[in-house]
Engineer: 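Have a look at this one before I ask anything.
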Amino acid sequence: HADAAMYHAKASGRNNYQFFTQTMNQAAAHHFELESSLRGALARYEFELFYQPIIDIDTRQVHTLEVLLRWRRGGHGLVQPDAFIPIMEESGLIVPVGEWVMRKACEQSVAWQRQGLKPVPLAVNLSPRQFMHKGLIESIRRILDETGIDPALIEFEITETALMQHGEQTLGILGQINRMGIRLSIDDFGTGYSSLAYLKRFPVKKVKIDRAFIKDLENSAEDRAIVAAIIALSNSLQLSVVAEGVESEGQYKLLKGSGCQYAQGFLFSQPVEVQDVTRALAA
Ligand code: C2E
Ligand code: MG
Ligand code: MG
Ligand code: MG
């Protein structure tokens, strides 16, 4: 949007031009400050993993825990991913940080098992940049080896858009991950431009319907039709379905009635810190 701002500014004269460059400079300065602060965050141990349950719709029991990154930034409190993941994605920092997330999640899973707690699969997000990084397969292999985690307890979430970006290469990488025994799911489904029939070529087991379609489920007949269609087609293709962003009992009942298998959202739990999970697993 910097280009668009520049265009408008030039079109409407010198004063506006100054205004826009000032705003852009502020935005750039903010971005630069965030980025340089992020560069040291890993070394300063400022990242933390939060966990949010994905529940089985029939039993309301925890089925999987999604791993969600948080940044405990010195002097700023807890920073949510939308404020920093895009910057890491752009700068490439997401590659080492994403590797840290994967390792930390595997170590945590093994630690819970050592404490005698019931193993719950963890779902780790993989960004487009991580997904296309040459070292990805090697680093997954190393992490599996070094932590000793059972790969069946790990799942990767990749967005529909990331999968669509790289054509045939994608199929190869997904195949390698799949052969390591790690399950794959498609995140934020419905926001991109692909069809389920196309995605069926990928070795994917699960589809997560984007929150945007769940939000107005109770009031929008269109959204109900879209969600019902995604669930029906997914199930007929042997894919299970997770609804994201479930916040009300009404949404939950509609999803249950449509044959959706899993749900995630504030109705069941917010993302919580590790101690809360340990306590819940022990209870
Ligand atoms: P996502 O993978 O789609 O994760 C689900 C997001 O929806 C999480 O936001 C979660 O807190 C939020 N959410 C869950 N239930 C509800 C609900 O009922 N209502 C609403 N309004 N929101 C709900 P979060 O934790 O802020 O993460 C945002 C995004 O950042 C994630 O979207 C994911 O794309 C990215 N992300 C988070 N952690 C990582 C990571 O470790 N690596 C990578 N590459 N990306 C990550
Ligand atoms: Mg996700
Ligand atoms: Mg999602
Ligand atoms: Mg998302």
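Just follow the structure's listing: the first ligand is 1, and inside any ligand the first atom is 1.
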Engineer: Go through ligand 1 atom by atom and flag the ones less than 4.0 Å from a non-hydrogen atom of Glu247.
Structural biologist: 17 (C), 18 (O), 19 (N), 20 (C), 21 (N)
Engineer: In terms of atom number and element, which parts of ligand 1 are under 4.0 angstrom from non-hydrogen atoms of Asn125?
Structural biologist: 2 (O), 42 (N), 43 (C), 44 (N), 45 (N), 46 (C)
Engineer: Ignoring hydrogens and angles, state whether a donor on the side chain of Glu218 or Ser248 is under 3.5 Å from an acceptor on the partner side chain.
Structural biologist: yes
Engineer: Indicate if the distance from the Mg ion (ligand 3) to the nearest N, O or S atom of Glu157 falls below 2.8 Å.
Structural biologist: no
Engineer: Does ligand 1 have a heavy atom under 4.0 Å from the side chain of Val101, from its backbone, from both, or from neither?
Structural biologist: side chain
Engineer: Measure the acute angle between the ring planes of Trp100 and Phe47, then classify it against the limits of 30° and 60° as parallel, tilted or perpendicular.
Structural biologist: tilted
Engineer: Under 4.0 Å from any heavy atom of Val246, which atoms of ligand 1 are there?
Structural biologist: 18 (O)
Engineer: Quick one: which of Leu65, Leu153, Ile149 gives a side chain to side chain contact (heavy atoms under 4.5 Å, CB included) with Leu122?
Structural biologist: Leu65
Engineer: Answer yes when Glu46 and Arg39 have at least one side-chain N-carboxylate O distance shorter than 4.0 Å, and no when they do not.
Structural biologist: no
Engineer: On a heavy-atom basis, I'd like to know which of Gln130, Lys215, Arg211, Arg70 is closest to atom 7 (O) of ligand 1.
Structural biologist: Arg211
Engineer: So is Pro271 polar-close to ligand 1, meaning N/O to N/O under 3.5 Å?
Structural biologist: no
Engineer: Does the side chain of Val274 come within less than 4.5 Å of Gln108's, by heavy atoms?
Structural biologist: yes
Engineer: Look at Glu155 together with Lys206 and state whether they make a salt bridge at an N to O cut-off of under 4.0 Å.
Structural biologist: yes
Engineer: Can you sort out which atoms of ligand 1 are near Asp82, meaning under 4.0 Å from one of its heavy atoms?
Structural biologist: 28 (C), 29 (C)
Engineer: Hey, what's the angle at the Mg ion (ligand 3) spanning OD1 (Asp188) and OE1 (Glu244), nearest 10 degrees?
Structural biologist: 80°
Engineer: Arg70 pairs by side chain to side chain donor-acceptor pair (under 3.5 Å) with which of Glu273, Gln80, Glu48?
Structural biologist: Gln80
Engineer: Test of understanding: given a 4.0 Å heavy-atom threshold, classify the contact between Glu66 and ligand 1 as side chain, backbone, both, or neither.
Structural biologist: side chain
Engineer: So, does Glu89 use its side chain to make a donor-acceptor pair with the main chain of Ile85 at under 3.5 Å?
Structural biologist: no
Engineer: May I ask you to say whether Lys208 pairs ionically with Glu157, meaning some side-chain N is under 4.0 Å from a carboxylate O?
Structural biologist: yes
Engineer: Taking 4.0 Å as the limit for heavy-atom contacts, which would you say applies to Val124 with ligand 1: side chain only, backbone only, both, or neither?
Structural biologist: neither
Engineer: Which bit of Asp188 is near ligand 1, meaning a heavy atom under 4.0 Å away: side chain, backbone, both or neither?
Structural biologist: side chain
Engineer: Report, in ascending order of atom number, the atoms of ligand 1 lying under 4.0 Å from any heavy atom of Glu244.
Structural biologist: 3 (O)
Engineer: Going by heavy atoms in the side chains, are Phe156 and Ile154 under 4.5 Å from each other?
Structural biologist: yes
Engineer: Would you tell me which option among Arg129, Met102, Gln52, Gln251 has the nearest heavy-atom contact to atom 15 (N) of ligand 1?
Structural biologist: Gln52
Engineer: Of all the atoms in ligand 1, which lie at a distance below 4.0 Å from a heavy atom belonging to Ile85?
Structural biologist: 36 (N), 39 (C), 43 (C), 45 (N), 46 (C)
Engineer: Is the distance from the Mg ion (ligand 2) to the nearest N/O/S atom of Asn125 under 2.8 Å?
Structural biologist: yes
Engineer: Identify which of Ile94, Leu69, Asp187 has a heavy atom lying nearest to atom 40 (C) of ligand 1.
Structural biologist: Leu69
Engineer: Where's the contact between Lys208 and ligand 1, heavy-atom distance under 4.0 Å: side chain, backbone, both or neither?
Structural biologist: neither
Engineer: Would you say Asp210 has an N, O or S atom lying under 2.8 Å from the Mg ion (ligand 3)?
Structural biologist: no
Engineer: Kindly confirm or rule out an N or O of Leu126 lying under 3.5 angstrom from an N or O of ligand 1.
Structural biologist: no
Engineer: Determine, step by step, whether Gln130 and Asn125 satisfy the side chain to side chain donor-acceptor pair (under 3.5 Å) criterion, reporting the C-alpha distance in whole Å, the side-chain angles of both residues, the deciding distance to 0.1 Å, and the verdict.
Structural biologist: CA-CA 10 Å; Gln130 287 173 273; Asn125 290 285; over 6 Å; no
Engineer: Under 4.0 Å from ligand 1, counting heavy atoms only, is it the side chain of Leu68, its backbone, both or neither?
Structural biologist: both
Engineer: Any salt bridge linking Arg114 with Glu107? Criterion: basic side-chain nitrogen under 4.0 Å from a carboxylate oxygen.
Structural biologist: no
Engineer: Quick one: report the N, O or S atom of Glu66 that is nearest to the Mg ion (ligand 2).
Structural biologist: OE2
Engineer: Could a heavy atom of Gly245 be found less than 4.0 Å from some atom of ligand 1?
Structural biologist: yes
Engineer: Hey, is Gln270 one of the residues with a heavy atom under 4.0 angstrom from ligand 1?
Structural biologist: no
Engineer: Would you call Glu89 a ligand 1 contact, heavy-atom distance under 4.0 Å?
Structural biologist: no
Engineer: Measure the shortest side-chain to side-chain distance between Val207 and Val242 over non-hydrogen atoms and say whether it is less than 4.5 angstrom.
Structural biologist: no
Engineer: Of all the N, O or S atoms in Asp187, which one sits nearest to the Mg ion (ligand 2)?
Structural biologist: OD2
Engineer: Taking both backbone and side-chain atoms of Gln264, is any N or O found less than 3.5 Å from an N or O belonging to ligand 1?
Structural biologist: no
Engineer: Could you check whether Arg129 pairs with Glu90 (Lys NZ or Arg NE/NH1/NH2 to Asp/Glu carboxylate O, under 4.0 Å)?
Structural biologist: no
Engineer: Salt bridge check: are Asp276 and Arg279 linked by an N-O gap of less than 4.0 Å?
Structural biologist: yes
Engineer: For Tyr51 and Trp112, I'd like to know if the aromatic rings sit close, meaning centre-to-centre distance below 6.0 Å.
Structural biologist: yes
